S.K.: 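Structure below; questions to follow.
Numbered from 1 within each chain, the chains take letters A, B, ... in sequence-line order. Fair warning: this is a prediction, and the values are worked out from it, not measured in the lab.
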There are 2 protein chains.
Amino acid sequence: MKARDTFKQLPHKTIERLSQYRRALLICLENNKDHIFSHEIAKIQHITPVQVRRDLMLIGYSGTLRKGYNIQELIDLIADIIDSDEGINVAIVGMGNLGRALINYFSGKRHKLSIVAGFDINPDKIGKKVNGISCYDSKSMGEIIKEKNIEIGIITTPSSHSMTTANQLVEAGIKGILNYTPKPVNVPDGVYLEEYDMITTLEKVAFYVKMENERAADSVVTRQDQGTAASDF
Amino acid sequence: MKARDTFKQLPHKTIERLSQYRRALLICLENNKDHIFSHEIAKIQHITPVQVRRDLMLIGYSGTLRKGYNIQELIDLIADIIDSDEGINVAIVGMGNLGRALINYFSGKRHKLSIVAGFDINPDKIGKKVNGISCYDSKSMGEIIKEKNIEIGIITTPSSHSMTTANQLVEAGIKGILNYTPKPVNVPDGVYLEEYDMITTLEKVAFYVKMENERAADSVVTRQDQGTAASDF
DNA sequence: TTTGCATTGTTATTAAATTAACAATGTTTA
DNA sequence: TAAACATTGTTAATTTAATAACAATGCAAA
């Protein structure tokens, strides 16, 4: 088994964290740091130092005692693992606010992962550029995707169009889809699909805020009860 | 222990799925469906029917044999669990593309969770409205948040401003923060924080696409090897 | 030199999440 | 009526993820 193959068995959560570590490390590098301890990374990511060390163990990286991890080395290793050597091209379908946000957000951030095209059905948007990325007619999705060797499609259309968009992308031979609409799509086996819905995250935050509010309210009641009980004596 | 209290112990993943189930159910309701089977929900969410049934068991909802679950009843129960009776108000800080996308995305979708204000430091944006939501000067965050009883803040500023924004929100007494910038923030205990970074999700998709590409390439090699081996006989 | 200390790397343990297994049930069909 | 079937609800088993525990290391200070 090749060394590279061991990476195929990395836990999904570790993959996510590696991406996050790298981003934190890049910021540290900008600040002229050259080494970092596991507890520093942990603090940034709100996790435990053990978790960090365990992840780094899994990818076979060793730091030095008393100095910690070499930031540049670690960035390079993470790139080896999660980036594709040849680079991967990405398209955004739906050039509304969210699509444009992603382009602005992302452009120039990664060498090996580039947004290279946008698509929309709105004639006002077709032919225009956003941050250097051309917007094409969705009708030409098939050709452009093949022509530009695009392997990943991000769906940021209105949710009413999510399924037809996914079908178009699959038809065009896309390998991975990231669906940002709140309406889940279906894709055949062999196409990697990630659904991400911003409403879910917000509702989750709301739930835990509600829980905390109720907990706080209950503990007031409890204190009052205790007071009453005490006055019974 | 009150019935409500059992909900506090629901697994985090179940909370997320309940939010997703509800959204799927609302769509089904629009299509004039009144009952749904566990395997139908499962198909929509790309999970197993057992997972669905287990989640519903945890919230104490029973369906009927041969008819499945009553959609309206289930929607109401999920609302009971994850929504706050009084409703929760939300502010968006950073009225760029992402902030506007969230407002358009969300407005009018939930009764009990409302985006009621936006903030920005750009004078061109202050005083304008997006989809009925006013944009205020970030300087007045403290007052507005108290005045409008805002409990959750969503950070959609440039990442360079994420930490100062989080500090302002905490200072104003916010209970929950959802950070969409790629730069993690720190908040004191008692403030619920969710970090969501769109780059991580995209890099994850890219990783699994890369893995699949390599697997496909390897299997071609293997088939060739087999061919060679066969020709040795 | 030697003791103390902070840190890494790794194994063991625990906790969380998912999946499997299957009894119970009521509907439909023979 | 009885057999077959599809579905729910729940416990048991498994898998995945996180945490704890601790030996090893080597620098710094006494």
S.K.: What I want to find out is whether B/Arg215 reaches B/Glu212 closely enough, with some N-O distance under 4.0 Å, to be called a salt bridge.
M.R.: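 The answer is yes: the pair qualifies as a salt bridge.
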S.K.: If only side-chain N and O atoms of B/Ser62 are considered, is one of them under 4.0 Å from the OP1 or OP2 phosphate oxygen of D/dG9?
M.R.: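 For D/dG9, OP1/OP2 do have a side-chain N/O of B/Ser62 under 4.0 Å.
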S.K.: Rounded to the nearest Å, what distance is computed from the CD1 atom of residue A/Ile47 to the P atom of nucleotide C/dA16?
M.R.: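 Checked: the CD1 to P distance equals 17 Å.
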S.K.: Identify which nucleotide among C/dT8, C/dT18, C/dA21 has an atom closest to any side-chain atom of B/Arg17, counting heavy atoms from C-beta outward.
M.R.: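 For B/Arg17, the side-chain atoms sit closest to C/dT18.
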S.K.: Picking from D/dA18, C/dT27, C/dT8, which would you name as closest to the side chain of B/Arg66?
M.R.: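 Of all the options, the side chain of B/Arg66 is nearest to C/dT27.
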S.K.: Using whole Å, what does the distance between atom P of nucleotide D/dT8 and atom CG of B/Leu56 come to?
M.R.: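 Value for this atom pair: 9 Å.
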S.K.: Taking NE2 from A/His46 and P from D/dA18, how many angstroms apart are they, rounded to a whole number?
M.R.: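 Nearest whole value for this atom pair: 15 Å.
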S.K.: May I ask you to decide if A/Thr181's main-chain N or O and A/Asn179's side chain share a donor-acceptor pair within less than 3.5 Å?
M.R.: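 Side chain of A/Asn179 to backbone of A/Thr181: a pair is present.
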S.K.: Starting from P on D/dT8, measure out to CG on B/Asn70 and report it in whole angstrom.
M.R.: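 It works out to 13 Å between those atoms.
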S.K.: In terms of ring plane angle, is the pair B/Tyr192 and A/Tyr208 parallel, tilted or perpendicular, where the classes change at 30° and 60°?
M.R.: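 Geometry flag for A/Tyr208 against B/Tyr192: parallel rings.
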S.K.: Salt bridge check: are B/Arg22 and B/Asp83 linked by an N-O gap of less than 4.0 Å?
M.R.: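 Result for this pair is yes, salt bridge flagged.
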S.K.: Establish, with yes or no, whether the OP1 or OP2 oxygen of D/dA20 is under 4.0 angstrom from a side-chain nitrogen or oxygen of A/Arg53.
M.R.: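 So the side chain of A/Arg53 is outside the cut-off, no N or O lying under 4.0 Å from OP1 or OP2 of D/dA20.
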S.K.: Should B/Asp80 and B/Lys112 count as an ion pair when the cut-off is N to O under 4.0 Å?
M.R.: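 A salt bridge is absent here (no side-chain N lies under 4.0 Å from a carboxylate O).
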S.K.: Can you work out whether B/Met57 or A/Pro11 has the more 5'-proximal nearest nucleotide on DNA chain D?
M.R.: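 The residue closer to the strand's 5' end, by nearest nucleotide, is B/Met57.
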S.K.: Tell me which nucleotide among C/dA20, C/dG9, D/dT25 gets nearest to the side chain of A/Leu65.
M.R.: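 Output: D/dT25.
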S.K.: Describe the nucleic acid contact of A/Thr14 in one word from base, sugar-phosphate, nothing, applying a heavy-atom distance below 4.0 Å.
M.R.: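 Nothing, no heavy atom under 4.0 Å.
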S.K.: Between atom CG in B/Asp55 and atom P in C/dA17, what is the gap in whole Å?
M.R.: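 Distance, rounded to whole Å: 11 Å.
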S.K.: Could you write out DNA chain D as a dot-bracket string, with dots for unpaired bases, | for bases paired across to another strand, and Watson-Crick or G-U pairs counted at under 3.5 Å?
M.R.: ||||||||||||||||||||||||||||||
S.K.: Would you call A/Glu151 and B/Lys210 a salt bridge, using N to O less than 4.0 angstrom?
M.R.: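 Salt bridge absent between A/Glu151 and B/Lys210.
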S.K.: Could you tell me the separation between the NE2 atom of B/His12 and the P atom of C/dA17, rounded to a whole number of Å?
M.R.: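 Value for this atom pair: 7 Å.
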S.K.: Report yes or no: does A/Ser162 contribute a side-chain atom to a donor-acceptor pair with the main-chain N or O of A/Lys183 at less than 3.5 Å?
M.R.: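 Confirmed, A/Ser162 side chain pairs with A/Lys183 backbone.
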S.K.: Out of D/dT8, C/dT19, D/dT19, which has the shortest distance to the side chain of B/Tyr69?
M.R.: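 Closest nucleotide to the B/Tyr69 side chain: D/dT8.
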S.K.: C/dT11 C1' sits how many Å from A/Arg54 CZ, rounded?
M.R.: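 After rounding, the reported distance stands at 9 Å.
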S.K.: Mind calculating the distance between CD (A/Gln51) and C1' (D/dT16) to the nearest angstrom?
M.R.: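 Computing the A/Gln51:CD to D/dT16:C1' distance gives 12 Å.
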